[in-house]
Amino acid sequence: MSKVVRFDRFGTVDVLNVVEVEKPSPSPGRVLVRTITAGINPGEIKIREGQLEDIFPTTFPCGEGSDFAGIVAELGEGVTSPAVGTAVMGWSDERSAQAEFVSVPADQVIVKPESLDWKVAGSLCIVATTAKAAVAAVAPQRGETILVSGAAGSVGSLVTQLVLRTGASVVGTAGASHHDWLRSLGAIPIGYDNDLQASLGRVAPSGFDAVIDTVGHGYVDLAIKLGVEPNRVNTIIDFEAAARHKVHTDGASKAQSNTVLTEIAKLIVNGELQVRIAAVYDLKDVRQAYTQLEQGHTGGKIVLRVADP
Ligand SMILES: NC(=O)c1ccc[n+]([C@@H]2O[C@H](COP(=O)([O-])OP(=O)(O)OC[C@H]3O[C@@H](n4cnc5c(N)ncnc54)[C@H](OP(=O)(O)O)[C@@H]3O)[C@@H](O)[C@H]2O)c1
């Protein structure tokens, strides 16, 4: 049997339950992974509340979760690697990662670097691929100044660091408690409470070359108001404003690949990228985990602990 997170109607965290189902067996081309850690992401909240039915329709009962890390338990026909017993990390496209066992196509896992923390490994794929796509969409150049909204968020903090690696400067909006950390990365933090447009004018009097929005709340409109070319703006959240202004909306689906996951994992292991972990919850406490995530200011990934390594 396998304990899995499930919901059978739209609603608040109260519709989430951990139930026992039959352990999946991997069909040809797939691997079965015994999960150690799994991530949670804000998009899953909107799906569970029924807000994304136009884009990602739901059938009930519905599972949860994309990101996971664990140990290969079984191989489906035709799969020879990674061998049973290998530590791996990867993603599910089937809302099934928050479970004791997850079955995915074999090319949706990579070998987990030994020194990569299980908590980071199990919560990396969505944020890593989203950040990679968002940065690529606006192609920052050395010497440019890029505005990143939500610069201390899970996606935003990776965006910030990937932009800085190009030699561009980052001005990042964030709550005050994250400003020292953003400075330590080399970014210029700015609060979002007061007159943001005026504050941005003071911090970057020559304006911005590109904007990467991870928050919504009018940042796409602001980017256009600031005179940034629409093809140098990417939002991963405000699709309505993106359609109006014809800006990019590149996110996880654009970059989701084992190549990108491998690249980002390697940068983290080498100490060239930081991922903060805000909290760890046991699988059975999945409701509390999402309750914390819903607050929107977590300052790092929230991770579900499914089993001991
Ligand atoms: N399109 C895609 O492929 C894709 C993929 C992943 C995520 N997303 C979406 O991207 C968004 C961010 O995801 P995440 O995982 O990074 O979330 P997260 O870790 O919870 O970060 C949320 C961020 O929003 C900031 N924020 C909250 N309220 C704000 C406000 N009023 N003004 C400015 N900033 C505010 C927070 O800033 P402080 O903590 O500094 O206050 C924090 O940086 C979510 O909406 C998610 O659904 C899209």
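Since we're looking at a predicted model, the values are computed, not measured. Counting starts at 1 for both ligands and their atoms, in listed order.
Protein heavy atom nearest atom 40 (O) of ligand 1, with residue, atom name and distance: G175 N, 2.7 Å. Distance from atom 18 (P) of ligand 1 to its nearest protein heavy atom, with residue and atom name: S154 N, 4.0 Å. In this structure, atom 13 (O) of ligand 1 lies nearest to the protein heavy atom P42 CG, 3.7 Å. The closest protein non-hydrogen atom to atom 1 (N) of ligand 1 is I236 O, 3.0 Å. Protein heavy atom closest to atom 35 (C) of ligand 1, with residue, atom name and distance, is V215 CG1, 3.7 Å.
E263 has a carboxylate O that lies under 4.0 Å from a charged side-chain N of K132, or vice versa, which qualifies the two as a salt bridge. Between E144 and R232 there is a salt bridge, since at least one side-chain N of the basic residue sits less than 4.0 Å from a carboxylate O of the acidic one. Contact check on R30 versus E94 returns a salt bridge, with a Lys/Arg side-chain nitrogen under 4.0 Å from an Asp/Glu carboxylate oxygen. Contact check on E22 versus K3 returns no salt bridge, with no Lys/Arg side-chain nitrogen under 4.0 Å from an Asp/Glu carboxylate oxygen.
Here the shortest heavy-atom pairing between T173 and L196 reads CG2-CD1, 4.0 Å.
Contact annotation for H297 and ligand 1: heavy atoms of both the backbone and the side chain come within less than 4.0 Å of the ligand. When non-hydrogen atoms are compared, ligand 1 lies under 4.0 Å from the side chain of T130 (C-beta onward) but not from its backbone. Proximity of Y219 to ligand 1, defined as any heavy-atom pair under 4.0 Å, is confined to the side chain (atoms from C-beta onward). The parts of V155 lying near ligand 1 are both backbone and side chain, judged by heavy-atom distances below 4.0 Å. Neither the backbone nor the side chain of T249 has a heavy atom within less than 4.0 Å of ligand 1.
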Test log, rule side-chain hydrogen bond (donor to acceptor under 3.5 Å, both in side chains), inputs D213 and S149: CA-CA 5 Å; D213 170 39; S149 69; 2.6 Å; yes
Test side-chain hydrogen bond (donor to acceptor under 3.5 Å, both in side chains) applied to T58 and E53, step by step: CA-CA 7 Å; T58 300; E53 281 304 283; 2.7 Å; yes
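Each of the following atoms of ligand 1 lies closer than 4.0 Å to a heavy atom of K46: 44 (C), 45 (O), 46 (C), 47 (O). Atom numbering of ligand 1 starts at 1 in the shown order; those under 4.0 Å from a heavy atom of I126 are 6 (C). Here is the list of ligand 1 atoms found below 4.0 Å of a heavy atom in G251: 3 (O). For ligand 1 and A252, the ligand atoms under 4.0 Å from any heavy atom of the residue are 2 (C), 3 (O). Listed by atom number, the atoms of ligand 1 under 4.0 Å from A174 heavy atoms are 40 (O). Close contacts between ligand 1 and G43 involve ligand atoms 47 (O) [criterion: under 4.0 Å to a heavy atom]. Of all atoms in ligand 1, listed by their number and element, those nearer than 4.0 Å to a heavy atom of G150 are 43 (O). Near T214, the atoms of ligand 1 lying under 4.0 angstrom from a non-hydrogen atom of the residue are 10 (O), 11 (C), 12 (C).
At a 3.5 angstrom cut-off on N or O pairs, V127 does not count as close to ligand 1. Considering both main-chain and side-chain atoms, T173 never comes within under 3.5 Å of ligand 1 through any nitrogen or oxygen pair. Ligand 1 has a nitrogen or oxygen under 3.5 angstrom from a nitrogen or oxygen of Y192. The shortest N or O to N or O distance between G153 and ligand 1 is below 3.5 Å.
Looking at V159, I40, T298 and measuring to atom 20 (O) of ligand 1, the nearest heavy atom belongs to T298. The option with the heavy atom closest to atom 42 (C) of ligand 1, from among A134, G300, G296, is G296.
No more than 12 heavy atoms of other residues, nucleotides or ligands lie within 6.0 Å of CG in N194, so this atom counts as exposed by the packing criterion. Counting non-hydrogen atoms of other residues, nucleotides and ligands closer than 6.0 Å to CZ of R9 gives a total of 12 or fewer.
In terms of the side chain to side chain donor-acceptor pair (under 3.5 Å) criterion, residue partners of Y290 (sequence neighbours excluded) are, by chain and number, E44, E64, Q98.
Listed for the Q161 side chain is a donor-acceptor partner under 3.5 Å among the backbone atoms of S157.
A donor-acceptor pair shorter than 3.5 Å cannot be found between the side chains of N231 and K246.
For the pair S96 and F68, the minimum side-chain heavy-atom distance is 4.5 Å or more.
Ring geometry, H297 versus Y192: the interplanar angle falls under 30°, so the pair is classed parallel (tilted spans 30 to 60°).
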